[in-house]
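Take a look at the structure set out below.
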Amino acid sequence: MSETRQDWHAVAGMSDLPAGTARAVTLLGEDIALWRGESGSAQAWRNQCPHRGMRLSFGQVRGDRLSCRYHGWQFDTAAQCKFMPAHRKISPPASVCVPSYGCRESGGLIWIRLAGDGDGFEDTAAAGDTQADALFCKSIFVDGSLETLADRLVGAYFPPASRALEAMPGAGFEGEVLDHGRGADESHAVVAWRRRGREPEEAFSTSYHGMRPARSVIRVVAKTEDEPPEALMLALQAMTERRTGVHLATQSSGNDETDRQRRLYFGRWARRLRWFLEHPEAPFDGFRPWT
Amino acid sequence: MSKDLEPAALDQWYVIESSEDLRSDQPRRTRLLGRPILGERSASGTVTIEERTEEGETLRKLPCLERYGYVWTTLGAPVKPLFDMPEFEEDGRRLVVCGVLTVRTSPGRIVENFLDLSHFPFVHTDILGAEPMTEVTPYKAKLDESSGELWVTECGFYQPQAMAASSGAAQVDYLYRVPQPYAAVLYKSSPGKAGAFDLIGIFPQPLEETLCDVHCFMLVYDDVSSYEGMLQWQQGIFLQDRIILENQRPARLPLDPKAELPSRADTSAIQYRRWLKNLGVEFGVA
Ligand code: FES
Ligand SMILES: [Fe+2]
């Protein structure tokens with residue numbers, strides 16, 4: 001897994017890390033403290049205080065500093081220790097700091113990389129085109145390696161946001177999947193379907209982005225002529241060899257109530273997705289998103 | 001197969017159960033330093049302790065002692081008898097056997113946390129400490145060559161509720177005795193008897209390198225608190241420490257002086273780690 005330490009990985013939804021909070025995430029077997037100061041952006045550090053090894057994710061955010069839960073050492077956003085409460089008048093030497101990781105926020109998600117500096121993010125798929133109007137929906141955590149789950153997702157289909165809304169109970173929507181298959185280069189899947197009373201159409205396609213680790217970001221783009229393209233992004237997080245996070249983001253509608261419904265809908269859908277991913281014997285049909 | 005253990009770990013005395021909880025109808029099947037142990041009390045009151053195979057067959061009988069309200073044994077051949085605590089002979093003290101708390105970490109992390117002063121305001125907020133009274137004044141930590149014990153002296157700390165019987169905040173004097181690597185006793189100003197010290201002790205029973213049953217007692221001058229009140233006070237403190245202890249990385253105590261960054265307030269920990277290193281302790285350290 002060593003080369004993937006250079007890659008950017010989604011580890012959480014931006015809205016799952018409110019200002020003033022800290023939490024732990026696991027990436028490639030590494031324990032990481034994720035926190036956000038009152039005013040600032042997300043920070044990703046090694047989850048181990050340099051003093052006595054306490055996990056910093058248990059710390060308390062005080063303004064724009066993270067205060068360790070054990071002895072209250074305070075670290076600023078440059079991961080530098082600024083205050084040791086046991087010695088109130090001494091300013092800590094510059095050598096007292098926490099190893100930190102590159103950390104960016106885009107597409108509704110928080111991305112980090114374990115090796116290399118924070119540069120190069122803009123060139124990756126993670127930066128994406130949904131950046132401006134992204135809507136984070138839900139994270140699910142599934143047993144299985146990233147490779148296994150990505151395999152399972154090949155050929156799967158995902159509902160673009162507007163259809164998801166039509167599919168809300170009582171919306172009078174009904175559809176039928178006619179066929180689905182993989183594109184020739186295995187990098188995308190195509191779903192043919194028919195809306196009630198309409199001709200068959202290619203409704204949307206699933207593409208696996210070329211970023212490393214292979215297939216860790218999956219985009220679904222609606223392909224209908226009468227509507228603007230809509231996207232759903234699934235970003236996979238290799239937590240360990242045996243556990244994977246899947247972070248779902250879609251586009252914001254610009255309307256709070258509609259966004260709330262989208263989030264609700266994809267949240268429910270994500271739970272079905274998890275069931276599907278955890279049951280290799282389940283037929284693909286088993287998770288038609290609009291049922 | 002149990003791995004070979006170094007004398008520094010083998011030759012210590014370990015508590016495997018409190019005397020009152022080892023009843024004739026209640027044997028204690030447990031582990032010590034990664035090996036299966038069975039402690040039993042006969043109907044006539046005699047205690048026997050044996051080391052067993054993983055399959056439950058007797059391997060050998062182990063030495064056994066009952067003292068300070070606990071049942072003690074060893075897997076090695078201690079050069080010293082079990083350390084003496086003369087305070088147990090003093091009139092007017094109450095012994096509170098606090099029961100066992102299982103903690104997923106190494107015995108060294110547990111003892112070091114027990115010796116630690118600067119965590120009081122953050123872990124035991126408004127009980128053993130409170131911001132902004134966080135300063136740790138200089139104190140002494142020294143290996144006593146004649147007894148081979150580590151002593152930490154001249155400690156003081158401002159405490160809002162120093163003991164169960166405390167009526168308010170006070171500047172409290174502390175000292176610590178570490179009679180063997182994996183046992184520690186603290187002495188702190190008694191609210192119940194002017195000029196005297198109350199004792200609190202911990203005897204970690206290392207089940208595995210990073211898993212311990214911690215036996216804890218208090219020996220105090222306190223005529224006012226109920227037994228339950230004292231127990232609750234102590235257990236509350238220990239549960240606060242457990243959250244810390246189970247979330248330190250690594251779980252084994254690092255003996256390399258460069259592995260973690262101490263400050264002057266950690267003098268006791270620095271001496272403790274150095275002592276363990278010189279003794280050749282390998283069990284539970286990194
Ligand atoms: S372990 Fe973080 S301040 Fe001591
Ligand atoms: Fe404590």
Side-chain angles (χ1 to χ4, degrees), chain A residues 22-35 44-63 65-75 79-101 114 240, chain B residues 105-106 108-113 115-125 128-139 155-158 210 240-256 258-270 272-273 285-286:
Chain A
R23 55 183 295 199
V25 296
T26 308
L27 178 63
L28 303 172
E30 207 130 324
D31 190 15
I32 294 156
L34 210 58
W35 71 280
W45 295 353
R46 179 151 85 161
N47 201 3
Q48 189 178 333
C49 181
H51 178 218
R52 285 298 180 249
M54 182 63 193
R55 294 176 75 204
L56 289 163
S57 54
F58 280 74
Q60 195 187 17
V61 178
R62 298 185 178 197
R65 289 184 183 176
L66 184 62
S67 164
C68 177
R69 173 86 178 262
Y70 197 174
H71 308 96
W73 286 16
Q74 291 181 12
F75 300 89
Q80 201 69 51
C81 181
K82 288 292 173 193
F83 182 57
M84 296 172 171
H87 312 290
R88 303 186 71 88
K89 292 187 199 79
I90 293 173
S91 41
S95 55
V96 187
C97 59
V98 187
S100 59
Y101 307 113
L114 298 175
T240 64
Chain B
T105 193
S106 58
R109 288 279 195 199
I110 291 167
V111 170
E112 194 172 283
N113 164 271
L115 304 179
D116 187 281
L117 294 163
S118 55
H119 76 291
F120 290 159
F122 301 96
V123 180
H124 310 298
T125 312
L128 300 183
E131 291 182 83
M133 321 287 270
T134 54
E135 189 77 23
V136 174
T137 49
Y139 61 87
C155 313
F157 213 81
Y158 169 85
T210 56
Q240 291 173 330
D241 281 319
R242 182 163 72 174
I243 298 169
I244 301 295
L245 287 166
E246 297 194 335
N247 285 287
Q248 280 176 281
R249 302 288 180 268
R252 288 183 174 83
L253 187 73
L255 294 192
D256 176 357
K258 288 190 289 295
E260 294 179 339
L261 288 174
S263 79
R264 199 194 59 221
D266 302 308
T267 306
S268 56
I270 295 167
Y272 178 64
R273 292 182 185 194
V285 304

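In the text below, chain A, chain B and the rest are named by the order of the sequence lines, each starting its count at 1.
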Option in A:M54, A:M84, A:Q48 with maximal non-hydrogen atom pairs under 4.5 Å from chain B = A:M54
Considering only heavy atoms from C-beta outward, does the side chain of B:E260 approach that of B:R273 to under 4.5 Å?
-> yes
Non-hydrogen atoms of chain A under 4.5 Å away: do they reach the side chain of [X], the backbone, both or neither?
X: B:I243; result: both
X: B:R109; result: side chain
X: B:P254; result: neither
X: B:N113; result: both
X: B:P121; result: neither

Please answer whether the main-chain N or O of [Y] pairs with a side-chain N or O of [X] as donor and acceptor at a distance below 3.5 Å.
X: B:E112; Y: B:Y272; answer: no
X: A:R88; Y: B:P132; answer: yes
X: B:T105; Y: B:A251; answer: yes
X: B:Y139; Y: B:A265; answer: yes

Gap between atom NE2 of A:H87 and atom OG1 of B:T137 - 0.5 Å precision | 10.5 Å
Side chain from CB out, backbone as N, CA, C, O: work out which of these in A:S95 comes under 4.5 Å of a heavy atom of chain B, or both, or neither.
-> backbone
Per-residue contact mode, A:Y70 against chain B (heavy atom under 4.5 angstrom) = both
Among B:N247, B:D266, B:V136, who wins on heavy-atom pairs under 4.5 Å with chain A?
-> B:N247
Any donor-acceptor N or O pair under 3.5 Å, side chains A:Y101, A:E30 | yes
